[in-house]
Amino acid sequence: QVQLIESGGGLVPAGGSLRLSCAASGRTYAMGWFRQAPGKERELVAGITSGGNTNYTESVKGRFTISRDNARSTVYLQMDSLKPEDTAVYYCNVPFTRWGPKWGRGRQVTVSS
């Protein structure tokens with residue numbers, strides 16, 4: 001089955017930067033990052049197709065950049081100009097696999113004011 005290995009995130013002051021990585025075993029998949037803050041629903045932050053097409057939720061446009069390294073089957077999320085409202089657990093996601101959607105365990109991103 002597809003296995004996801006997440007890394008990165010952490011604690012940073014407002015205006016700072018953090019980076020998330022997600023490595024997926026197997027083929028090149030469309031992949032993305034979701035986030036969920038306490039008391040809120042999980043939302044899509046950014047996604048990237050196997051061909052490199054990207055999309056972002058409006059609130060992070062111009063601040064976050066998703067990219068991929070197909071040789072490593074790894075997707076990155078560079079997060080710049082972070083705001084306290086970006087604080088959440090971020091989950092790597094592979095929506096289309098033989099076994100259905102696959103989720104990472106989540107990485108904490110905390111932005112202090």
Side-chain angles (χ1 to χ4, degrees):
Q1 296 184 351
V2 176
Q3 294 183 329
L4 302 181
I5 302 176
E6 301 170 315
S7 62
L11 174 65
V12 69
S17 297
L18 290 170
R19 183 179 177 89
L20 293 169
S21 299
C22 181
S25 62
R27 57 161 288 183
T28 300
Y29 299 97
M31 299 173 68
W33 289 95
F34 286 72
R35 67 186 179 188
Q36 187 167 26
K40 296 184 178 180
E41 295 184 358
R42 187 172 298 186
E43 65 170 341
L44 175 66
V45 179
I48 186 167
T49 68
S50 60
N53 187 44
T54 61
N55 64 281
Y56 303 88
T57 190
E58 188 68 28
S59 64
V60 308
K61 288 182 178 178
R63 300 188 298 118
F64 291 11
T65 303
I66 189 169
S67 62
R68 68 185 307 146
D69 181 347
N70 290 338
R72 297 182 177 183
S73 298
T74 301
V75 166
Y76 306 94
L77 184 67
Q78 179 66 41
M79 301 178 287
D80 298 321
S81 301
L82 282 162
K83 304 175 181 179
E85 46 264 50
D86 295 317
T87 296
V89 177
Y90 285 66
Y91 298 90
C92 182
N93 173 251
V94 180
F96 309 115
T97 77
R98 292 178 180 269
W99 306 271
K102 182 69 175 181
W103 293 91
R105 294 180 178 179
R107 301 293 294 184
Q108 180 67 49
V109 170
T110 302
V111 185
S112 61
S113 59

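This one's a predicted model, so the numbers in the text were calculated from it and none came from an experiment.
Looking at Tyr56, its side chain does come within 3.5 Å of a backbone N or O of Ile66 through a donor-acceptor pair. Of the possible polar contacts, none joining the Thr97 side chain to the Pro101 backbone as a donor-acceptor pair under 3.5 Å is found. Between the side chain of Arg19 and the main chain of Ser7, no donor-acceptor pair closer than 3.5 Å is present. For Ser25 (side chain) and Gln3 (main-chain N/O), a donor-acceptor pair under 3.5 Å exists by modelled atom type. Side-chain atoms of Arg72 never come within 3.5 Å of backbone atoms of Arg68 as a donor-acceptor pair (strictly under, hydrogens ignored). Put simply, the side chain of Arg107 gets close to the backbone of Gly8: a donor and an acceptor are under 3.5 Å apart. Using modelled atom types, no side-chain atom of Gln36 and backbone atom of Ala88 make a donor-acceptor pair closer than 3.5 Å. Between the Asn93 side chain and the Lys102 main chain, a donor and an acceptor come within less than 3.5 Å of each other.
Checked against the 6.0 Å centroid criterion, the rings of Phe64 and Trp33 do not qualify as a close aromatic pair.
Put simply, Tyr76 and Leu82 are part of two different groups of oily side chains (I, L, V, M, F, W, Y) that touch within less than 4.5 Å, one to the next. Hydrophobic clustering (side-chain heavy atoms under 4.5 Å, transitive across Ile, Leu, Val, Met, Phe, Trp, Tyr) groups Val111 together with Val60. One hydrophobic cluster, built from ILVMFWY side chains closer than 4.5 Å, holds both Leu20 and Val2. Two different hydrophobic clusters hold Val89 and Val109 under the rule that ILVMFWY side chains link at heavy-atom gaps under 4.5 Å.
The structure places CD of Glu43 at 10.0 Å from CD of Glu41, a figure rounded to the nearest 0.5 Å. Taken from CD1 in Ile48 to OG in Ser67, the straight-line distance is 6.5 Å, to the nearest 0.5 Å. Atom OG of residue Ser50 and atom CE of residue Met31 lie 11.5 Å apart, to the nearest 0.5 angstrom.
In plain terms, the two heavy atoms of Leu77 and Val45 that are nearest each other are CD2-CG1, 4.3 Å. Contact between Ser21 and Thr74 at its shortest, heavy atoms only, is CB-CG2, 4.4 Å. In terms of heavy-atom proximity, Pro13 sits nearest to Ser112 at CA-OG, 3.4 Å. Minimum interatomic distance between Glu6 and Cys92 (heavy atoms only, all atoms of both residues): OE2-N, 2.7 Å. A pairwise comparison of heavy atoms in Leu44 and Thr57 identifies O-CB, 3.4 Å as the closest pair. Pairing each heavy atom of Leu18 with each of Gly10, the nearest pair is CD1-O, 3.7 Å.
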- Pair Thr110-Gln108, side-chain hydrogen bond (donor to acceptor under 3.5 Å, both in side chains): steps then yes or no: CA-CA 6 Å; Thr110 302; Gln108 180 67 49; 3.1 Å; yes
- Message: Using the rule given for side-chain hydrogen bond (donor to acceptor under 3.5 Å, both in side chains), can you reason through Asp80 versus Ser17, listing the C-alpha separation, both sets of side-chain angles and the distance that settles it, and then say yes or no?
- Response: CA-CA 4 Å; Asp80 298 321; Ser17 297; 2.8 Å; yes
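Using a 4.5 Å heavy-atom threshold, the side chains of Val94 and Leu4 count as touching.
For the pair Arg35 and Tyr91, the cation does not sit on the ring face, since its NZ or CZ is not both under 6.0 Å from the ring centre and inside 45° of the axis.
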